[in-house]
Novice: 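Here's a structure for you.
For reference, positions follow the sequence shown, starting with 1.
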Amino acid sequence: MKGNMSMNPHPIEYSVSKALYHTDKIKALQQGQQITPTEIQVDLEAYCNDNCSFCSYRKEDGYNNRMLELINAKPGTAYHDDRPVGKPSPESRIPLEFADKFPEQMLEAGIPAIEITGGGEPTLWGRFNDLVENLGKAGLEIGLVTNGSLLTDQRIKLLTKYCTWIRISMDSSNPETHKEIHRTANYDFDRRLNTIKKLALSKSEELILGISFIVTPDNYDDIENSARLFASVGVNHIRFSWMYDREGHAGLTQEQIDGLKKLLDKLMDELNRDDFRIIYEHGRIESYSKPNTDFNTCYYQRFVWAIGADCKVYPCCIQKYHPDFAYGDIREKTLKQLVNDLKTISAMNNLDVTKCYPCWLRNRNKAIAKAVEKPMHVNFI
């Protein structure tokens with residue numbers, strides 16, 4: 001049953017052109033001026049209680065696995081055990097005083113939104129509850145990416161009060177596949193699923209609750225069952241994406257990829273309705289191995305900053321933990337000071353996109369470029 005989707009003025013979907021809504025910032029970029037980001041993405045903690053097989057922070061060939069140094073583990077080493085990697089420490093996390101500093105500094109800098117993510121599992125951070133409450137009371141928009149393992153009833157109440165959206169990584173429809181993908185010591189799927197159901201029952205209509213499903217060779221045959229399961233439990237969407245790999249096929253054959261795309265198209269047609277969507281970017285898997293030659297400028301970094309658990313500011317999540325791409329340190333300067341420094345940060349202003357890893361954000365950059373860069377015969381609409 002699809003429902004009357006045409007009546008929904010705010011469909012639950014991802015858009016590559018959200019930046020175009022910020023006409024003041026687009027105008028400033030047209031004039032060569034710097035802008036303040038609309039969002040910061042923050043890794044509160046490098047340590048995680050899961051050891052997901054697809055994690056780019058833990059995979060041997062993962063783009064971000066230098067983060068492992070923060071938890072006294074070795075990048076480039078394969079970790080296949082059903083246990084967490086490394087050890088947490090004061091060096092593996094954002095300093096706890098940022099539970100108070102982030103809200104104040106975001107307001108001062110004029111940054112309206114924060115995505116709490118990882119890296120590691122953010123709900124392990126020592127003052128996670130304080131941070132959410134302080135951000136919420138300050139009127140800031142909060143998004144959370146979590147594995148859902150530590151969402152107590154108290155936290156569910158807190159999150160449903162203050163969050164704009166929550167996305168939980170599940171990647172399966174059953175305990176066996178979940179354990180294989182997340183490489184946990186115990187079967188924890190049922191408990192996490194019950195947590196999702198609690199969130200769905202207690203959330204307001206304004207809070208968007210989503211599921212993340214990363215397609216890997218271990219779960220590609222579980223897509224249909226997962227789509228049907230999560231369509232039935234009260235979440236707003238399930239987002240299917242692909243495991244990173246440098247060959248751009250997520251460990252799958254081309255026949256499997258083509259078949260999965262057809263399956264997802266079929267499931268979208270069947271299951272999408274007003275209050276539930278299947279979401280996936282059709283060409284995203286190909287972008288993982290495609291050189292950045294179809295766009296020239298990274299505009300995305302103007303709107304979104306990625307802050308690692310090492311306290312460094314990076315242009316995006318893809319380049320996190322690569323020292324050549326670090327723009328500043330939040331232990332040394334406030335967010336407003338970093339915004340004011342943008343005019344003199346040559347690394348940002350002169351970023352050569354061809355030297356970045358293949359960019360799955362390229363469509364966002366291309367959409368912004370169409371608004372910023374003056375086309376030929378601009379008045380002949």
Side-chain angles (χ1 to χ4, degrees), residues 1 12 44-45 47-55 82-84 115-118 120-125 128-129 131-133 136 142-216 218-219 221-241 267 271-279:
M1 181 177 65
I12 303 162
L44 295 175
E45 172 63 71
Y47 181 74
C48 187
N49 55 338
D50 285 359
N51 180 19
C52 295
S53 60
F54 57 77
C55 182
D82 293 341
R83 60 177 181 172
E115 177 180 332
I116 303 172
T117 185
E121 170 51 41
T123 59
L124 285 166
W125 195 63
F128 174 82
N129 290 8
L131 174 63
V132 171
E133 185 163 18
I142 308 167
L144 172 65
V145 180
T146 174
N147 63 27
S149 63
L150 300 170
L151 300 187
T152 62
D153 289 346
Q154 177 191 5
R155 279 184 167 168
I156 288 173
K157 185 176 181 180
L158 180 71
L159 296 174
T160 54
K161 181 177 181 180
Y162 289 122
C163 282
T164 304
W165 59 265
I166 301 168
R167 189 165 67 243
I168 298 178
S169 176
M170 290 296 284
D171 314 290
S172 64
S173 69
N174 61 80
E176 292 76 23
T177 305
H178 184 270
K179 186 178 188 303
E180 183 177 10
I181 297 290
H182 285 245
R183 296 194 297 217
T184 56
N186 301 303
Y187 289 95
D188 198 33
F189 175 86
D190 290 333
R191 187 174 65 85
R192 298 187 194 191
L193 181 60
N194 285 334
T195 295
I196 291 166
K197 292 177 179 178
K198 286 183 181 180
L199 278 165
L201 284 172
S202 58
K203 77 179 190 69
S204 66
E205 289 187 6
E206 289 73 28
L207 171 59
I208 300 300
L209 176 60
I211 300 298
S212 174
F213 187 111
I214 305 297
V215 180
T216 80
D218 298 316
N219 65 2
D221 58 354
D222 192 30
I223 283 180
E224 182 165 0
N225 287 341
S226 294
R228 295 188 185 282
L229 170 65
F230 290 107
S232 71
V233 299
V235 303
N236 297 110
H237 68 258
I238 179 169
R239 188 186 79 166
F240 290 97
S241 191
L267 291 171
L271 297 176
N272 280 9
R273 55 182 190 263
D274 273 354
D275 59 350
F276 176 79
R277 289 286 196 278
I278 292 171
I279 298 172

Novice: What are the two closest heavy atoms between Phe240 and Ala227, and how far apart are they?
Specialist: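 Heavy-atom minimum between the residues: CZ-CB, 4.2 Å.
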Novice: Measuring from atom SG of Cys163 to atom CD1 of Ile156, what distance do you get when rounded to the nearest 0.5 angstrom?
Specialist: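 CD1 of Ile156 is found 11.5 Å from SG of Cys163.
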Novice: So with a 6.0 Å cut-off around NZ of Lys179, is the heavy-atom count from everything else above 12?
Specialist: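 Enclosed: over 12 neighbouring heavy atoms sit under 6.0 Å from NZ of Lys179.
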Novice: For the pair Glu121 (side chain) and Asn147 (backbone), establish whether a donor and an acceptor sit closer than 3.5 Å, ignoring hydrogens and angles.
Specialist: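 Here the side-chain-to-backbone pair exists.
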Novice: In chain order, what residues pass the side-chain contact (heavy atoms from CB on, under 4.5 Å) check against Cys55, with sequence neighbours excluded?
Specialist: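 For Cys55 the side-chain contact (heavy atoms from CB on, under 4.5 Å) partners, ignoring immediate neighbours, are Cys52, Tyr57, Arg58.
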Novice: Set out, in order, the CA-CA distance, both residues' side-chain angles and the distance that settles side-chain contact (heavy atoms from CB on, under 4.5 Å) for Thr216 and Ile181, then state yes or no.
Specialist: CA-CA 8 Å; Thr216 80; Ile181 297 290; 3.4 Å; yes
Novice: Closest heavy-atom contact between Ala231 and Leu271?
Specialist: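 In this case the closest contact between Ala231 and Leu271 is CB-CD1, 4.5 Å.
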Novice: State, with a plain yes or no, whether a side-chain heavy atom of Ser53 is found less than 4.5 Å away from one of Asp218.
Specialist: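 Answer yes - side chains close enough.
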Novice: Measuring from atom CG of Leu159 to atom CG of Leu207, what distance do you get when rounded to the nearest 0.5 angstrom?
Specialist: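 Rounded to the nearest 0.5 Å, the CG-CG separation comes to 8.5 Å.
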Novice: To the nearest 0.5 Å, tell me how far His237 NE2 sits from Ile278 CD1.
Specialist: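 With rounding to 0.5 Å, NE2 (His237) is 11.5 Å from CD1 (Ile278).
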Novice: Can you list the steps and then say if Ser172 with Asn219 is a side-chain hydrogen bond (donor to acceptor under 3.5 Å, both in side chains)?
Specialist: CA-CA 7 Å; Ser172 64; Asn219 65 2; over 6 Å; no
Novice: Tell me the closest heavy-atom pair linking Cys48 and Pro84, and the distance in Å.
Specialist: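 Residues Cys48 and Pro84, closest heavy atoms: O-CB, 3.2 Å.
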Novice: Answer with yes or no whether the side chains of Ser149 and Asn49 bring together a donor and an acceptor at under 3.5 Å.
Specialist: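 There is such a pair between these side chains.
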Novice: Which heavy-atom pair separates Leu229 from Ser232 by the least distance, and what is that distance?
Specialist: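 Heavy atoms of Leu229 and Ser232 come nearest at O-OG, 2.5 Å.
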Novice: Please list, chain by chain and in numerical order, all residues satisfying side chain to side chain donor-acceptor pair (under 3.5 Å) with Glu115, sequence neighbours excluded.
Specialist: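 If we apply the side chain to side chain donor-acceptor pair (under 3.5 Å) test to Glu115, skipping adjacent residues, the hits are Gln41.
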Novice: Quick one, Leu144 with Val132, criterion side-chain contact (heavy atoms from CB on, under 4.5 Å). Give me CA distance, side-chain angles, the key distance, then yes/no.
Specialist: CA-CA 10 Å; Leu144 172 65; Val132 171; over 6 Å; no
Novice: Taking atom CG of Asp153 and atom CG of Leu158, what is their separation to the nearest 0.5 Å?
Specialist: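 Spacing of CG (Asp153) from CG (Leu158) equals 12.5 Å.
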Novice: Roughly how far, to the nearest 0.5 Å, is CD1 of Ile238 from CG of Leu209?
Specialist: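 Atom-to-atom, Leu209:CG and Ile238:CD1 are 11.5 Å apart.
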Novice: Name all residues meeting the side chain to side chain donor-acceptor pair (under 3.5 Å) criterion together with Arg155; count only those two or more places apart in sequence or in a different chain, and write none if there are none.
Specialist: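 Arg155 satisfies side chain to side chain donor-acceptor pair (under 3.5 Å) with Asn129 once adjacent residues are dropped.
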Novice: Test of understanding: with ring pair (Phe, Tyr, Trp, His ring centres under 6.0 Å), list the residues that count as partners of His182, not counting sequence neighbours.
Specialist: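 Checked His182 against ring pair (Phe, Tyr, Trp, His ring centres under 6.0 Å); matches are His178.
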Novice: Using 0.5 Å steps for rounding, measure from the CZ atom of Phe230 to the CD1 atom of Ile168.
Specialist: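 That separation rounds to 9.0 Å.
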Novice: Can you tell me if Arg192 uses its side chain to pair, donor with acceptor, with the backbone of Gly148 under 3.5 Å?
Specialist: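 Absent.
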Novice: Hey, are the side chains of Val145 and Ser169 touching, using non-hydrogen atoms and a 4.5 Å cut-off?
Specialist: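 The answer is no; the side chains never approach within 4.5 Å.
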Novice: If every non-hydrogen atom of Ala200 is compared with every non-hydrogen atom of Val235, which pair is closest and at what distance?
Specialist: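 In this case the closest contact between Ala200 and Val235 is CB-N, 4.4 Å.
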Novice: Taking the side chain as every heavy atom from C-beta outward, state whether Met170 and Phe189 have any atom pair closer than 4.5 Å.
Specialist: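 When only atoms from C-beta onward are counted, Phe189 and Met170 do touch, with a gap below 4.5 Å.
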Novice: In sequence, state the C-alpha distance, the side-chain angles, and the governing distance for Ile116 and Phe128, and then conclude on side-chain contact (heavy atoms from CB on, under 4.5 Å).
Specialist: CA-CA 10 Å; Ile116 303 172; Phe128 174 82; 4.2 Å; yes
Novice: List the residues meeting side chain to side chain donor-acceptor pair (under 3.5 Å) with Arg191, not counting sequence neighbours, and say none if there are none.
Specialist: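 By the side chain to side chain donor-acceptor pair (under 3.5 Å) rule, Arg191 matches Asp188.
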Novice: Of all residues at least two apart in sequence or in a different chain, which pass the ring pair (Phe, Tyr, Trp, His ring centres under 6.0 Å) check with Tyr47?
Specialist: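 Partners of Tyr47 under the ring pair (Phe, Tyr, Trp, His ring centres under 6.0 Å) test: none.
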Novice: May I ask you to decide if Ser173's main-chain N or O and Ser226's side chain share a donor-acceptor pair within less than 3.5 Å?
Specialist: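 It does hold such a pair.
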